[in-house]
There are 2 protein chains.
Amino acid sequence: MDISEPRARIVETADELYNAKGIQAVGMDELRAAAGVSLKKLYGEFPSKSSIVMAVLERRHDSWTEGLDAAVRQAETPRARLLAIFDYLAGWFCQDSFRGCGFINSFAELGAISPDVADYARKHKESFQRYVGKLSEEAGAPPFLAPQLAILAEGAQTTAAIAGTPDAAGQARQAAEVLINAALRSEA
Amino acid sequence: MDISEPRARIVETADELYNAKGIQAVGMDELRAAAGVSLKKLYGEFPSKSSIVMAVLERRHDSWTEGLDAAVRQAETPRARLLAIFDYLAGWFCQDSFRGCGFINSFAELGAISPDVADYARKHKESFQRYVGKLSEEAGAPPFLAPQLAILAEGAQTTAAIAGTPDAAGQARQAAEVLINAALRSEA
DNA sequence: CGAAGTGGAGAACGATCGTTCTCTCCCTGT
DNA sequence: ACAGGGAGAGAACGATCGTTCTCCACTTCG
């Protein structure tokens, strides 16, 4: 992703603006000015605003997936890898730009009127659940653990966003430890 | 709340429309038509759209709080009262009109550009956390349990909304049982 | 019966949105 | 040096938004 390329710069700028102010609150002209391109170039790269929204969602999915996987890979045991999910959340919540999960937000804003956005949000969350499922399986946990941890992660995101504090990450992590211990014990 | 009163009918209609399509996607004229009222009466009852939004948030808070408390009161033991939260969620998720927590949605849509909406969403979530805290205390659980259960409830709401299935309620309930058991054991 | 006022229907207004068009400037090739 | 074309700036367009205004029908009271 070369930021000097107009297309990538547009998507990155749109991602930041949409995250900071909401998708519907950012007009094409504001995006044009922030990305430093002409309207003609904007509409040369993307046929419509909704196509930019979809490109932003793809970028968010890739960036989230890569960031999470990088954090998880640093942990050495299967159990630590499950908990690393919540350490990743903690780091994310502490960023000034954190304003909640972009997929939850875009689903809330556009899911009811844009099937594309709703589908992509659903796919993203399913992908996360599969990822947790894989980690959970590698830890030898029964299949009910993964949805529980995924729900914890979702709840931590919305709680941290609305409360404006990163506390929920640590609380979710502690809950995850309890759930993991119980699941592994039930398996043994 | 007398539905024959125009003011109450406006707020109820706005609640339904905003829930179904998002706040920004519903114009004043659509609301006027759905509520069966004239534009003059609409602006006689409310000075602006944002005041209607705040009235809808208050209505949602009251209705959520009352519904939850009614479900909780039916349970007889402190432990069952904590779990009743998730039974209430299950019933909610199964409604056709369920499209996620209205406060999470309105925060995602308007929180960044409307401090009033953001504040109200925060207050609502704080109120829920205090409520869980009170139930948790009555069950004799240590103070760390309440935030964990609140996070589970939040995560169940967003998961059920995006996935479009009510499964998350049962999964969160099972997780809650584990967390409650562990918390009560640690207290003993 | 007539005048005054209330309320509904919907036109109108200004702002803003997404999108397209126009105009101009500058770079390039010969 | 000059013709041609691509790109940038931003005006323009149609739609829609929140909000206000106009007009008319109907009621009500002297």
Side-chain angles (χ1 to χ4, degrees), chain A residues 2-57 105-106 108-118 120, chain B residues 2-57 105-106 108-118 120:
Chain A
D2 187 355
I3 197 181
S4 69
E5 285 296 322
R7 190 181 174 88
R9 195 168 63 246
I10 290 169
V11 176
E12 172 172 338
T13 308
D15 193 355
E16 294 169 1
L17 287 177
Y18 291 168
N19 178 69
K21 308 172 68 172
I23 294 172
Q24 308 197 67
V26 176
M28 293 297 269
D29 196 66
E30 180 177 359
L31 171 58
R32 172 206 61 78
V37 301
S38 69
L39 263 185
K40 179 179 275 185
K41 173 135 264 159
L42 231 188
Y43 279 94
E45 296 286 345
F46 298 94
S48 65
K49 178 173 181 175
S50 56
S51 72
I52 298 181
V53 171
M54 295 308 293
V56 166
L57 291 186
N105 289 349
S106 59
E109 202 173 346
L110 300 172
I113 55 181
S114 165
D116 288 346
V117 170
Y120 204 97
Chain B
D2 187 354
I3 199 179
S4 70
E5 286 295 321
R7 189 180 175 88
R9 194 168 63 247
I10 290 169
V11 176
E12 171 171 339
T13 308
D15 194 355
E16 293 169 3
L17 287 176
Y18 291 168
N19 178 68
K21 310 172 68 173
I23 295 173
Q24 307 197 68
V26 176
M28 294 295 271
D29 196 65
E30 181 178 358
L31 172 58
R32 173 205 62 77
V37 84
S38 70
L39 262 186
K40 181 179 274 185
K41 172 135 266 161
L42 231 189
Y43 279 94
E45 295 286 346
F46 298 94
S48 65
K49 178 173 181 174
S50 57
S51 72
I52 297 181
V53 171
M54 295 308 294
V56 167
L57 292 186
N105 290 349
S106 60
E109 202 173 345
L110 300 171
I113 55 181
S114 165
D116 288 345
V117 170
Y120 204 97

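Sequence lines set the chain letters: A, B, ... in the order given, protein chains first and strands last, and positions in each chain run from 1. Below, each value reflects all heavy atoms present in this structure, side chains not excepted, and no hydrogens, waters or symmetry copies.
- Heavy-atom distances under 4.0 Å link DNA chain D to B/Val26, B/Gly27, B/Met28 of residues 13-37 of chain B, given in residue order.
- When the C1' atom of C/dC17 is taken as reference, atom NZ of A/Lys49 falls 8 Å away, rounded to whole Å.
- Remark: B/Lys49 NZ to B/Gln24 CD distance equals 7.0 Å, nearest 0.5 Å.
- Within the 4.5 Å cutoff, the side chain of B/Val117 has heavy atoms near those of the B/Met54 side chain.
- Between the B/Arg32 side chain and the B/Leu39 main chain, no donor and acceptor come within less than 3.5 Å of each other.
- Look at CD1 on A/Ile113: it is 14 Å from C1' on C/dG18, rounded to the nearest Å.
- Between the CD1 atom of B/Ile52 and the C1' atom of D/dC17 there is a distance of 14 Å, rounded to whole Å.
- Annotation: side chain of B/Val11 is in contact with side chain of B/Phe46 (closest heavy-atom distance under 4.5 Å).
- Atom OG in B/Ser106 sits 11.5 Å away from atom CG in B/Asp116 (nearest 0.5 Å).
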Residue pair A/Leu42, A/Ile52: steps toward the side-chain contact (heavy atoms from CB on, under 4.5 Å) verdict
CA-CA 10 Å; A/Leu42 231 188; A/Ile52 298 181; 3.6 Å; yes
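- Contacts between residues 38-46 of chain A and DNA chain C, defined by a heavy-atom separation below 4.0 Å, involve A/Leu39, A/Lys40, A/Tyr43, listed by number.
- Distance check: A/Leu57 CG to A/Asp15 CG gives 9.0 Å after rounding to the nearest 0.5 Å.
- Under a 3.5 Å cut-off, the side chain of B/Glu109 and the backbone N or O of B/Ile23 do form a donor-acceptor pair.
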